[in-house]
Amino acid sequence: MEARHRPAKLLVSIFLIWSFLVNPISSLSVTVNDVECVYEYVLYEGDTVSGNYVVVDHDIFWSSDHPGIDFTVTSPAGNSVHTQKGTSGDKFEFKAPRSGMYKFCFHNPYSTPETVSFYIHVGHIPNEHDLAKDEHLDPINVKIAELREALESVTSEQKYLKARDTRHRHTNESTRKRVIYYTLAEYLLLACVSSLQVFYIRRLFSKSVAYNRV
Amino acid sequence: MAGRSDERMGAVGFLALICLIACAQVGEAIWLTIPSSGTKCISEEIRSGVIVLADYYIVDDEQGHIGTSTISARVTSPYGNNLHHNENVTHGQFAFTTTEAGNYVACFWINGHRQEGVGLKIGVDWKIGVAAKDWESVAKKEKIEGVELELTKLEGAIEAIHSNLIYLKDREAEMREVSETTNARVAWFSIMSLGVCIVVSILQLWYLRIYFQKKKLI
C-alpha cells in the first residue's frame, strides 16, 4: 500500500504545479449500440465540467421516429449529476461536487447503432486558496486562466456547431440520394405498372379467355 | 512467495506511475471500456493538414492483473490506408499529419482470451491541431517563459478558432450548394413525373386503341 501512495502523492504535486495547464481533448465520435461510457478525471472539487454531444450519423429510415439518445453523468460517489433524455444532441455544464473519475454515459434505446460526437472539457480556475498554497501563482495567472476558459468556451461552441453541421450534411446527402433514386424508381415503376395494365387488358380480350366466358 | 508478490506490487506501482506521469505530462485523457470480444472504435472528422497526436494505455484490468492483458490498435485514414498498427502492447502512441479530409478511425481490441462480459479500461489521449503543439520546444527556441508563454498559447488558440471558423464557413457554403441543387431537383423531378405519367397514359390508350382496332372490336 505504501509503495502505491508515493507515486500518487508525486502525481498530485505534479498536477498541482501544472494545474492551470489543463489541456482540452478533441471532439471524438463513438458508436453507441446500447450503452457507451466515457470516463474523465476531474482534479479539483468545484471545477466546471462543460461539453456537448451530437448524434451525428444514424441509419434510421424515418429519422423523426427515433426518440434520441439518453445522456447521464455519474459522479465518483455513484449519484447522477446530470441527466438528459431523448435528445439528438445538447450542451451541458455543471460544477463538479467532488474530484474523481466521472462517468459520461450514452444510452441508445433502439437497436440501430448511432454515432455520437462528444466533447468534454474540465476547466479549472485557480482561486485564492490555490494562490495562497503555491507562491509561483500570480493574480495574473488567475486572469490568464479565466481568459483561457473563455476561449475554451468559444472552442467548445465551435465543436458543437461543427458536429451539428456534420449531422446536417448527412441529412442533406441522404435527401439528395433519395431524390435521385426514388424518382428514377418511381418512373420505372410507373412504366412497368402501365405495361402490366396493357398486358392484362389484352389478356382479357384474348380469344381463349373470351370463349370460356359464358 | 512474499518476495514475488512484493516485486509484483513494485512493478505494478512502477507501471501505474509511468502511466500516470505520462498522463500528467500529456494532459487530459478519456478512458474507454473495451468489450471482452469485439472492437471499440473512436473516430473524428478531421480536415487535411492537421497534426494528430495520440497516446493510448491500459488503465485498469477489472480482474486486477494489469500485467497480463494486451491490446491492439489500428488507425485508418478515410480512404482506408493503415496509418498505425500495433499488436499485443500495453501502451503505444501514434502521430501523423492528415493528408485527406474525412473520418479518421482508431480501433482497439483485446488480445487473447477473456472472460465473457469482462471489459478492459484503456486511456486514450487524443489531441489534434493546436492542442498537439509542443510548447516546450517553442519556449526553448523563442526563449519565452511564464506569462509570455501563456499568452502565446492563447494566441495559438485564437488562431485555431479563426481558421476553424473559416473552415466551417466553407463547409456551410458547400452544403448550401447541395441544398439548393436538391431543391431545384425536387421541383424539376416532380413536374417531370407528372409529364411521365401523362405520356405513359397516352401511350397506353394509343396502344389499346390500335389493338382493339386490329381485333375489330371498335
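Note that the coordinates shown come from a computational prediction; the quantities given were computed from them, not determined experimentally. Naming convention: chains lettered A, B, ... in sequence-line order (proteins, then strands); numbering from 1 in each chain.
In terms of heavy-atom pairs under 4.5 angstrom with chain B, the leader among A:D165, A:L161, A:V154 is A:D165. In terms of non-hydrogen atom pairs under 4.5 Å with chain B, the most contact-rich of A:L184, A:V179, A:V30, A:L147 is A:V179. Between chain A and the residues B:V147, B:V186, B:V178, the largest count of heavy-atom pairs under 4.5 Å involves B:V147.
Residues A:T31 and B:C41 form no side-chain contact, since every pair of their non-hydrogen atoms from C-beta on lies 4.5 Å or further apart. Within the 4.5 Å cutoff, no side-chain heavy atoms of A:H168 are placed close to those of B:E172. Looking at heavy atoms from C-beta onward, A:T166 lies in side-chain contact with B:R171 at the 4.5 angstrom threshold.
Annotation: the span from A:K159 atom NZ to B:N164 atom CG amounts to 7.0 Å, rounded to 0.5 Å. The line from OG of A:S27 to CD1 of B:I46 is 9.0 Å long, rounded to the nearest 0.5 Å. Separation of atoms OG1 (B:T182) and NZ (A:K177) is listed at 11.5 Å; rounding is to 0.5 Å. Note that the OH atom of B:Y104 and the OG atom of A:S29 stand 14.5 Å from one another [nearest 0.5 Å]. Between the OG atom of B:S190 and the CD atom of A:E186 there is a distance of 8.0 Å, given to the nearest 0.5 Å. Rounding to the nearest 0.5 Å places CZ of B:R185 at 12.0 Å from OG1 of A:T175.
Nearest approach of A:L151 to B:A157, heavy atoms of both residues: CD1-CB, 4.1 Å. The two residues B:E44 and A:L28 make their nearest non-hydrogen contact at OE1-CD2, 3.9 Å.
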For this session: Starting from the C-alpha separation in whole Å, work towards a yes-or-no answer on side chain to side chain contact (heavy atoms under 4.5 Å, CB included) for A:Y39 and B:T33.
Result: CA-CA 9 Å; A:Y39 301 83; B:T33 313; 3.5 Å; yes
Exercise. Passes side chain to side chain contact (heavy atoms under 4.5 Å, CB included), B:E45 versus A:R169? Steps please.
Worked result: CA-CA 13 Å; B:E45 190 155 344; A:R169 197 154 39 90; 2.7 Å; yes
Problem set entry | side chain to side chain contact (heavy atoms under 4.5 Å, CB included) evaluation trace for B:Y211 with A:R202 | CA-CA 8 Å; B:Y211 179 72; A:R202 268 178 65 146; 3.5 Å; yes
For this session: Take B:F212 and A:I201 through the side chain to side chain contact (heavy atoms under 4.5 Å, CB included) test and state the conclusion after the steps.
Result: CA-CA 10 Å; B:F212 289 153; A:I201 290 176; 3.9 Å; yes
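B:Y207 touches chain A through its side chain: at least one heavy atom from C-beta onward sits under 4.5 Å away, while N, CA, C and O do not. In this structure, chain A has a heavy atom under 4.5 Å from the side chain of B:L208, while its backbone stays farther away. Of the two parts of A:Q158, the backbone and the side chain both hold a non-hydrogen atom closer than 4.5 Å to a non-hydrogen atom of chain B. Interface remark: A:I180 contributes backbone and side-chain atoms alike to the contact with chain B (heavy atom separation under 4.5 Å). In this structure, the portions of B:L165 lying under 4.5 Å from any heavy atom of chain A include both its backbone and its side chain. Residue A:S194 touches chain B through both its backbone and its side chain, counting heavy-atom pairs closer than 4.5 Å.
Open room surrounds CD1 on B:I51; 12 or fewer heavy atoms of other groups in view lie less than 6.0 Å from it. Counting heavy-atom neighbours within 6.0 Å of A:I140 CD1, excluding the residue itself, gives a total of 12 or less. Crowding of B:Q213 atom CD: a count of heavy atoms from other residues, nucleotides or ligands under 6.0 Å exceeding 12.
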